[in-house]
Amino acid sequence: MVLHGGHRHHFARGVHLFGCHLGEADSPHLARLHRVCQCADFVLALPIGAVAAATGVSARLLRYYEEQNLLAPARTSSGQRRYDESDIEPVGRIRRLLDAGLPTHVIAEILACACRGSGDVEPCLDPLLRDQLARLDARLTQLAFHHERLTELTSRPAAFSTNPSDRNYDPGLQLSGRRSQ
DNA sequence: ATTCTCACA
DNA sequence: TGTGAGGA
């Protein structure tokens, strides 16, 4: 059971369980506090700030991930997002997949695969990952091509330049870290 | 104080 | 893929 909507006034005075005061509703430690009380048969609804504190991912980004269909938190009657602890783990997973350069629509596909094993990506999705790797290679090749052509364009005028900073040209700086597709 | 949506790079 | 503005 997820507490939200009409239960908001309960949170205003902190969270109580069997008469014990567990902490304030917006406390960053709420997730941990609930873990201590696993005897409870309901799931506490976490506001976005608590999830941000628990995961290290900003509230702004959590909203963005929802917009990209990577998360689907519940809403209170006033429209505020209410997460539960089962939303915590996916956030870290999303971060790791983004760090691998995967676009959000691919990550959504990966998250949709319910047959979870131990890793971040199911083995059955290996073809998908290989396809992304191929796209990355293609971009790398194109970047190398652009780098060569641009070097041709810059090195000639530089030979006639009187600007001393032209001698500090570093090809490595031409590679900026952008994502694929 | 926190969270919301809309708009922008 | 993210961020900033501006309001409830």
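Numbers restart at 1 for each chain; the letters A, B, ... are given by sequence-line order, proteins then strands.
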(request) State, with a plain yes or no, whether a side-chain heavy atom of A/R93 is found less than 4.5 Å away from one of A/L98. (result) no
(message) Could you measure the distance from the CG atom of A/L97 to the CD1 atom of A/I110? Nearest 0.5 Å is fine.
(response) 5.0 Å
(request) Using atom CG of A/L46 as one end and atom C1' of B/dT3 as the other, report the distance to the nearest whole Å. (result) 15 Å
(request) Look at the side-chain N and O atoms of A/S78 and state whether any lies under 4.0 Å from the OP1 or OP2 oxygen of B/dC4. (result) no
(request) Whole angstrom is fine here: how far is it from CG in A/L98 over to C1' in C/dT3? (result) 15 Å
(message) Rounded to whole Å, how long is the line connecting atom NE2 of A/H105 with atom P of C/dT1?
(response) 9 Å
(message) Test of understanding: with salt bridge (Lys or Arg N to Asp or Glu O under 4.0 Å), list the residues that count as partners of A/D137, not counting sequence neighbours.
(response) none
(message) In whole Å, I'd like the distance from the OH atom of A/Y83 to the C1' atom of B/dC4.
(response) 12 Å
(request) Specify the closest pair of heavy atoms between A/A54 and A/I88, including all atoms of both residues, with the distance to one decimal. (result) CB-CD1, 4.0 Å
(request) Under the side chain to side chain contact (heavy atoms under 4.5 Å, CB included) rule, collect the residues that match up with A/R130, sequence neighbours excluded. (result) A/D126
(request) For A/R63 and B/dT3, give me the distance from atom CZ to atom P, rounded to whole Å. (result) 7 Å
(request) Specify the separation, in whole Å, of atom CG of A/L62 and atom C1' of B/dT3. (result) 12 Å
(message) Rounding to an integer number of Å, can you tell me how far A/L61 CG sits from C/dG4 P?
(response) 11 Å
(request) Could you list all the salt bridge (charged side-chain N to carboxylate O under 4.0 Å, His left out) pairs where at least one residue sits in residues 44-65 of chain A, not counting sequence neighbours? (result) none
Could you go through nucleotides 7-9 of chain B and list every protein N or O atom that sits under 3.5 Å from one of its N or O atoms, giving the distance for each pair?
residue	atom	partner	partner atom	Å
B/dA7	N6	A/R60	NH2	3.3

(message) If the condition is side chain to side chain contact (heavy atoms under 4.5 Å, CB included), which residues does A/E148 pass it with, not counting sequence neighbours?
(response) none
(message) Nearest whole Å is fine: how far is C/dG7 P from A/Q80 CD?
(response) 19 Å
(request) Ignoring backbone atoms, test whether A/R95 places a side-chain nitrogen or oxygen under 4.0 Å from the OP1 or OP2 oxygen of C/dT1. (result) no
(message) How long is the straight-line distance from CZ of A/R81 back to CD of A/E66, given to the nearest 0.5 Å?
(response) 4.5 Å
(request) Using a 3.5 Å limit on both pairing distances, list the dot-bracket string of DNA chain B from the 5' end; Watson-Crick and G-U wobble pairs count, crossing pairs take [ ], interstrand pairs take |. (result) .|.||||||
(request) Examine C/dT1: is either OP1 or OP2 under 4.0 Å from a nitrogen or oxygen in the side chain of A/Y64? Give yes or no. (result) yes
(message) Using modelled atom types and a 3.5 Å cut-off, is there a donor and acceptor pairing between side-chain atoms of A/R82 and backbone atoms of A/A74?
(response) no
